[in-house]
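Numbering starts at 1 and runs along the sequence shown. Below, each value reflects all heavy atoms present in this structure, side chains not excepted, and no hydrogens, waters or symmetry copies.
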Amino acid sequence: MNSDRYGSDVLAPGWRTRGTKTSRTIPAELDLVVEVVGDGWCGAVTRVEAGTVELEDGKGRRRAFPLGGGFLLEGEPVILERPRQAPRGRTRTASGSFAAADDRARVALPSRILVEGKHDAELVEKVWGADLRAEGVAVEFLAGLDHLDELLAAEPPGPRRRYGVLVDHLVPGSKESRIAEGILRGPHGAHLRIVGHPYVDVWQCVKPQAVGIRAWPVVPRGQDWKTGICRGLGWPAESAEDIGLAWQRILARVTTFRDLEPALLGRVEELIDFVTVGES
């Protein structure tokens, strides 16, 4: 009997890895659900950048991990790599709109969108910038709603020059709402649209889950809101530079419209529609 009851040579090449599972390399596509080996974290891919992959679990919590090995897909070991930038038909902008085939910016229209704060303008630019450039719509900083009358007197709106205005904390009974109602009743109201979100500041328009927190801290009345937010999150808040860095930290977590609250999304889309009506 010539059969080898003990099998082949146990010291033959490859004996150390015989019987072990080989990890396959797959692209870290959005919404791919994987588990982190030895950590227990299981979540869907929400973004890939700077050599890391971000996973969101079933409770909306997000964590970042290095790309590479150390993941399981349906129980099998995998190596995650950055997705290849292969053309897949029409692409979408950060706002969710289809990107124009010709991405060259149009000549700016006379109509424009005015926003009350620098942070508001930066957030609008990050999510809707491509759309606005394609439409030729400029976004300008407005020092405050109480300065709007002065701007309207200097450059009155009209059928071909419409103004859309985005305001923080535009809720019934607020100072902002009273000013807005007065301006809209004035001579320029027909060519003006003033809308706003209900939050104290545009920071709150970013979903807490996008920032990696469960909820925005509650700031006691009478305390500077942004300072209170930073302290509530354990971030430095001793200077204007600290506040600026905190905002950049928040803004960096925004990549698409999905990271923003619907209360802001609808209002910005409304303004874009208003100032581009009749344009082609």
Side-chain angles (χ1 to χ4, degrees), residues 92-206 251 254 256-257 260-280:
R92 291 184 180 270
T93 65
S95 72
S97 304
F98 282 114
D102 184 352
D103 60 1
R104 290 174 296 180
R106 289 182 55 183
V107 175
L109 299 174
S111 299
R112 67 193 73 172
I113 291 177
L114 308 174
V115 295
E116 274 198 294
K118 177 176 179 288
H119 294 174
D120 305 60
E122 290 175 341
L123 186 60
V124 170
E125 162 61 28
K126 185 159 190 181
V127 177
W128 288 275
D131 305 52
L132 294 169
R133 284 187 289 275
E135 295 287 350
V137 176
V139 175
E140 297 184 4
F141 170 68
L142 179 66
L145 192 58
D146 48 356
H147 293 282
L148 182 57
D149 265 332
E150 181 181 342
L151 184 150
L152 296 176
E155 298 182 64
R160 303 292 296 174
R161 186 201 296 271
R162 292 178 162 222
Y163 292 160
V165 185
L166 181 65
V167 182
D168 289 337
H169 201 228
L170 191 64
V171 296
S174 67
K175 180 191 76 171
E176 292 81 4
S177 67
R178 291 192 294 271
I179 295 175
E181 290 165 3
I183 294 174
L184 290 172
R185 286 195 299 265
H188 306 300
H191 308 296
L192 185 67
R193 180 69 58 86
I194 303 176
V195 301
H197 57 78
Y199 304 106
V200 174
D201 191 272
V202 77
W203 288 21
Q204 282 183 296
C205 292
V206 180
L251 185 63
V254 176
T256 75
F257 70 98
L260 303 181
E261 296 288 357
L264 175 68
L265 296 175
R267 302 295 73 73
V268 175
E269 296 290 347
E270 180 181 347
L271 292 183
I272 294 174
D273 290 343
F274 178 76
V275 299
T276 57
V277 65
E279 299 293 339
S280 59

I'd like to check the side-chain contact (heavy atoms from CB on, under 4.5 Å) partners of Leu184; sequence neighbours left out, ordered by chain and number. Leu192, Ile194
What's the shortest heavy-atom distance between Glu116 and Phe141, and which atoms? O-CE1, 3.2 Å
Please name all residues satisfying side-chain contact (heavy atoms from CB on, under 4.5 Å) with Pro198, sequence neighbours left out, ordered by chain then number. Val171, Ala263
Salt bridge (charged side-chain N to carboxylate O under 4.0 Å, His left out) against Glu270, all qualifying residues, sequence neighbours excluded: Arg193, Arg267
Can you name the closest pair of heavy atoms from Leu170 and Gly196 and give their distance? CD2-N, 3.4 Å
Side chain to side chain contact (heavy atoms under 4.5 Å, CB included), that's the test. Do Leu151 and Leu114 meet it? Break it down for me. CA-CA 11 Å; Leu151 184 150; Leu114 308 174; 4.2 Å; yes
Residue pair Leu152 / Pro157: nearest heavy atoms and the distance that separates them: CD2-CD, 3.8 Å
Closest approach of Glu261 and Gln204, non-hydrogen atoms and distance? CG-O, 3.7 Å
Assess whether side chain to side chain contact (heavy atoms under 4.5 Å, CB included) is satisfied between Leu109 and Val275, documenting all intermediate values. CA-CA 9 Å; Leu109 299 174; Val275 299; over 6 Å; no
With sequence neighbours left out, the residues meeting salt bridge (charged side-chain N to carboxylate O under 4.0 Å, His left out) with Glu122 are Lys118
Flag side-chain contact, heavy atom, 4.5 Å: Leu260 against Val206: yes
Roughly how far apart are Leu132 CG and Ile272 CD1, rounded to 0.5 Å? 4.5 Å
Check side-chain hydrogen bond (donor to acceptor under 3.5 Å, both in side chains) between Glu181 and all other residues, then give those that pass, not counting sequence neighbours. none
Derivation of the side chain to side chain contact (heavy atoms under 4.5 Å, CB included) call for Leu123 and Leu264: CA-CA 11 Å; Leu123 186 60; Leu264 175 68; 3.8 Å; yes
Where do Leu166 and Val195 land on the side chain to side chain contact (heavy atoms under 4.5 Å, CB included) test, with the steps shown first? CA-CA 5 Å; Leu166 181 65; Val195 301; 4.3 Å; yes
Any chance you could measure Leu251, atom CG, to Lys126, atom NZ, to the nearest 0.5 Å? 4.5 Å
Pairwise ring-ring contact (aromatic ring centres under 6.0 Å, His included) hits with a residue in residues 172-198, at least two apart: His197-Tyr199
Would you mind listing every salt bridge (charged side-chain N to carboxylate O under 4.0 Å, His left out) that reaches into residues 161-175, with sequence neighbours excluded? Glu155-Arg161
Is there a side-chain contact between Ile179 and Val167, using heavy atoms and a 4.5 Å cut-off? no
Qualifying side-chain hydrogen bond (donor to acceptor under 3.5 Å, both in side chains) pairs with a residue from residues 138-154, counting only residues at least two apart or across chains: Arg112-Glu140
CG/Leu148 to OH/Tyr163 distance, rounded to the nearest 0.5 angstrom? 9.0 Å
